[in-house]
Amino acid sequence: MTRIDPMPNAYQPGAAAIEPESESLIARRQAALGPAYRLFYEKPVHLVRGEGVWLFDAAGEAYLDTYNNVASVGHCHPHVVQAMAGQAAVFASHTRYLHDTVLDYAERLLATMPRELAHVMFTCTGSEANDLALRIARAQTGGTGIIVTENAYHGVTAAVAEFSPSLGRGVALGAHVRTVPAPDPAQADPGAAFAAQVVAAIEDLHRHGMKPGALIVDTIFSSDGVFADPEGFLKPAVAAIRAAGGLFIADEVQPGFGRTGAGMWGFARHGIVPDMVSMGKPMGNGYPVAGLALRPEVIAEFGGKARYFNTFGGNAVAAATAAAVLDVIENEGLIENARTVGAYFRDGLQSLAKDHAMIGDIRAAGLFLGVDIVDDGQPDAVLTGRIVNDLRAAKVLISATGPKGHVLKIRPPLVFQRENVDLFLDRLQGVLRAL
């Protein structure tokens with residue numbers, strides 16, 4: 001397995017000419033924040049404001065944001081900002097007092113899911129949600145083994161980093177962790193092939209005296225390179241982990257909240273009901289709120305023996321903000337927008353590929369797209385990095401992903417429109433022609 005830096009296009013000192021003001025900020029950042037933080041792009045962007053699908057730098061230049069699913073309903077959406085500020089001005093405390101806002105939101109959120117998922121627990125980040133899911137899985141199954149894909153990312157707590165291979169060689173995987181290749185849509189039956197890999201991982205855990213506790217996947221396989229199709233291919237793997245006594249955890253931090261254009265949740269495209277569903281990033285459109293939905297029988301053992309409390313998880317401001325995000329998704333028809341604009345985006349990329357051999361496979365579900373960049377048919381991470389950085393120079397922000405670092409990761413806010421797609425394609429066309 002190849003493990004790479006999760007952001008191969010990250011800033012490296014001396015990589016590009018930097019303005020004096022930015023150089024000063026970089027120096028201050030390194031002095032104050034230390035060596036573990038990373039900046040995007042060879043020439044970092046100094047951003048000061050956001051609005052809708054746009055981000056603005058200190059000079060007032062606008063950048064088309066085709067990367068951030070955090071502000072999934074648009075940067076600084078006024079309805080969300082109003083809800084956040086309004087609740088903060090009235091009451092802002094935790095869930096150990098009775099308060100109707102968190103209950104209203106919990107009931108509304110659960111109503112978007114299959115009724116088997118009847119409880120929700122709140123955290124501040126997706127990392128915390130997955131950490132909590134791991135604790136619950138161990139309590140419920142008695143198993144410690146975790147199965148993930150080879151370049152998965154699930155978070156940064158000590159426990160979750162151990163099953164987040166995309167963090168790179170500097171972060172060791174746990175002895176209880178087994179990795180499997182991401183699904184390969186080129187195979188005749190990708191679902192059966194993926195399930196066979198999961199079964200092999202289960203058998204290896206048993207050989208080492210470990211019982212499997214859970215299979216956890218990001219249901220769009222975003223860090224593995226974006227694998228969405230065919231719909232339903234996850235079913236056999238889910239059946240395999242359950243047959244072995246483990247649980248299936250759907251990490252919806254990236255595909256959730258309507259991004260795939262096929263309903264609210266990525267797992268729904270596969271006709272499955274997870275045992276637990278972790279959520280984060282887009283849940284609060286920039287406000288730190290996350291959660292874990294789960295079947296009641298899964299939490300019974302853990303809840304009977306341990307109490308759970310998170311000082312900020314599910315606080316009144318978080319609940320009000322997250323509810324406003326649901327308002328926008330529903331009132332502005334953003335799931336349908338993700339479906340139609342996403343299809344238009346995919347078609348535009350496929351048309352562009354006819355003129356540029358460096359564009360390989362294109363994989364997409366709604367407004368989540370992955371584009372392979374190749375040289376003579378082979379993955380080319382260096383060329384991919386050049387495209388990402390040249391697009392940044394053209395005022396368009398994207399990233400790269402995948403175990404070989406050769407996949408353009410395109411994930412714009414859900415309010416993206418066709419004219420934004422046209423602008424993106426025009427800028428990408430210009431970058432490709434100049435290479």
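One-based numbering along the sequence shown. Side chains included, hydrogens not; waters and symmetry mates left out as well; all remaining heavy atoms used.
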Any idea which heavy atoms bring G263 and I335 closest together, and the distance? N-CG2, 3.7 Å
Taking the side chain as C-beta and beyond, is there a heavy-atom pair between P165 and L173 under 4.5 Å? yes
Using modelled atom types only, decide if a donor and an acceptor are shared between the side chain of S164 and the backbone of H154 within a distance under 3.5 Å. yes
Does Y37, at its OH atom, have more than 12 non-hydrogen atoms belonging to other residues, nucleotides or ligands within less than 6.0 Å? no
Can a donor-acceptor pair be found, under 3.5 Å and without considering hydrogens, that links the side chain of N337 to the backbone of G333? no
Nearest heavy-atom contact between G280 and V253 is N-CG2, 3.6 Å
Could you check if a side-chain atom of N69 sits within less than 4.5 angstrom of a side-chain atom of F368, using non-hydrogen atoms only? no
Checking R178 against I146 for the side chain to side chain contact (heavy atoms under 4.5 Å, CB included) test, could you report, in this order, the C-alpha distance in whole Å, the side-chain angles of both residues, the deciding distance, and whether it holds? CA-CA 6 Å; R178 296 295 180 273; I146 302 295; over 6 Å; no
Evaluate the side-chain proximity of K281 to N68: yes if any heavy-atom separation is below 4.5 Å, no if none is. no
CD1 of I362 to CD of Q350, rounded to nearest 0.5 Å, is 5.0 Å
Distance col, row I249:CD1 vs M276:CE, nearest 0.5 angstrom, shows 4.0 Å
Over 12 non-hydrogen atoms of neighbours within 6.0 angstrom of NZ in K211: yes
Distance-only donor-acceptor check, side chains Q429 and H356, under 3.5 Å: yes
What distance separates E297 CD from I299 CD1, expressed to the nearest 0.5 Å? 11.0 Å
For A36, does its backbone N or O pair with a side-chain atom of R38 as donor and acceptor, under 3.5 Å? yes
Nearest non-hydrogen partners of T401 and G225, listed with the distance: CG2-CA, 4.0 Å
Under a 4.0 Å threshold between the charged nitrogen and the carboxylate oxygen, would R386 count as salt-bridged to E42? yes
Which distance, rounded to the nearest 0.5 Å, do you find between the CD of Q378 and the NZ of K404? 7.5 Å
Would F233 and F227 count as a close aromatic pair, with their ring centres under 6.0 Å? no
Could you tell me which non-hydrogen atom of L414 sits nearest to which non-hydrogen atom of G258, and how far apart they are? CD1-C, 4.3 Å
Evaluate F267 against V217 for side chain to side chain contact (heavy atoms under 4.5 Å, CB included), listing each step before the verdict. CA-CA 10 Å; F267 65 77; V217 302; over 6 Å; no
Scanning both residues in full, the closest heavy-atom pair of A228 with I220 reads CB-CD1, 3.7 Å
Neighbour count >12 (heavy atoms, 6.0 Å) for atom CD, E51: no
Does a donor on one side chain and an acceptor on the other come within less than 3.5 Å for Y63 and D57? yes
With a 4.5 Å limit on heavy-atom distance, are the side chains of H270 and V238 in contact? no
Identify whether the distance between the nearest side-chain nitrogen and carboxylate oxygen of R433 and D355 falls below 4.0 Å. no
Heavy-atom neighbours of F312 CZ exceed 12 at 6.0 Å: no
Side-chain donor or acceptor of S127 paired with backbone N/O of V156 under 3.5 Å: yes
Donor-acceptor contact present, side-chain R259 to main-chain P412, <3.5 Å: yes
Just by modelled atom types, is the S223 backbone N or O under 3.5 Å from a matching donor or acceptor in the N151 side chain? yes
Using atom types as modelled and distance alone, determine if a side-chain donor or acceptor of R49 lies under 3.5 Å from a backbone N or O of F56. no
Compare every heavy atom of D229 with every heavy atom of P185, then report the nearest pair and how far apart it is. CB-O, 3.8 Å
F345 and F424 aromatic centres sub-6.0 Å: yes
Does D224 form a side chain to side chain contact (heavy atoms under 4.5 Å, CB included) with V407? I'd like the steps, not just the answer. CA-CA 9 Å; D224 291 288; V407 183; over 6 Å; no
Salt bridge flag under 4.0 Å for residues R269 and E231: yes
Hey, does I136 have a side-chain heavy atom less than 4.5 Å from the side chain of L292? yes
Criterion side chain to side chain contact (heavy atoms under 4.5 Å, CB included) on Y41 and S399, from CA distance to verdict: CA-CA 9 Å; Y41 309 111; S399 182; 5.6 Å; no
Donor + acceptor pair across side chains of E128, T157 (<3.5 Å): no
Donor-acceptor check, side chain of S166 to backbone of A152, threshold 3.5 angstrom: yes or no? yes
Between I26 and P44, is there a side-chain heavy-atom distance shorter than 4.5 Å? yes
Taking the side chain as every heavy atom from C-beta outward, state whether V374 and D361 have any atom pair closer than 4.5 Å. no
S24 side chain to P20 backbone, donor-acceptor under 3.5 Å: no
Could you tell me whether the side chain of I359 reaches within less than 4.5 Å of the side chain of L349, counting heavy atoms only? no
Say you draw a straight line from CD1 of I18 to NZ of K43; how long is it, rounded to the nearest 0.5 Å? 6.5 Å
Do N310 and T123 have a side chain donor and acceptor closer than 3.5 Å? no
Any donor-acceptor pair under 3.5 Å linking the side-chain atoms of H77 with those of N285? no
Spacing of OG belonging to S72 relative to CG belonging to L367, to within rounding of 0.5 Å: 10.5 Å
Test item: R295 side-chain N/O and V273 main-chain N/O as donor-acceptor pair under 3.5 Å: yes
In terms of relative ring orientation, are F257 and W265 parallel, tilted or perpendicular, with 30° and 60° separating the classes? perpendicular
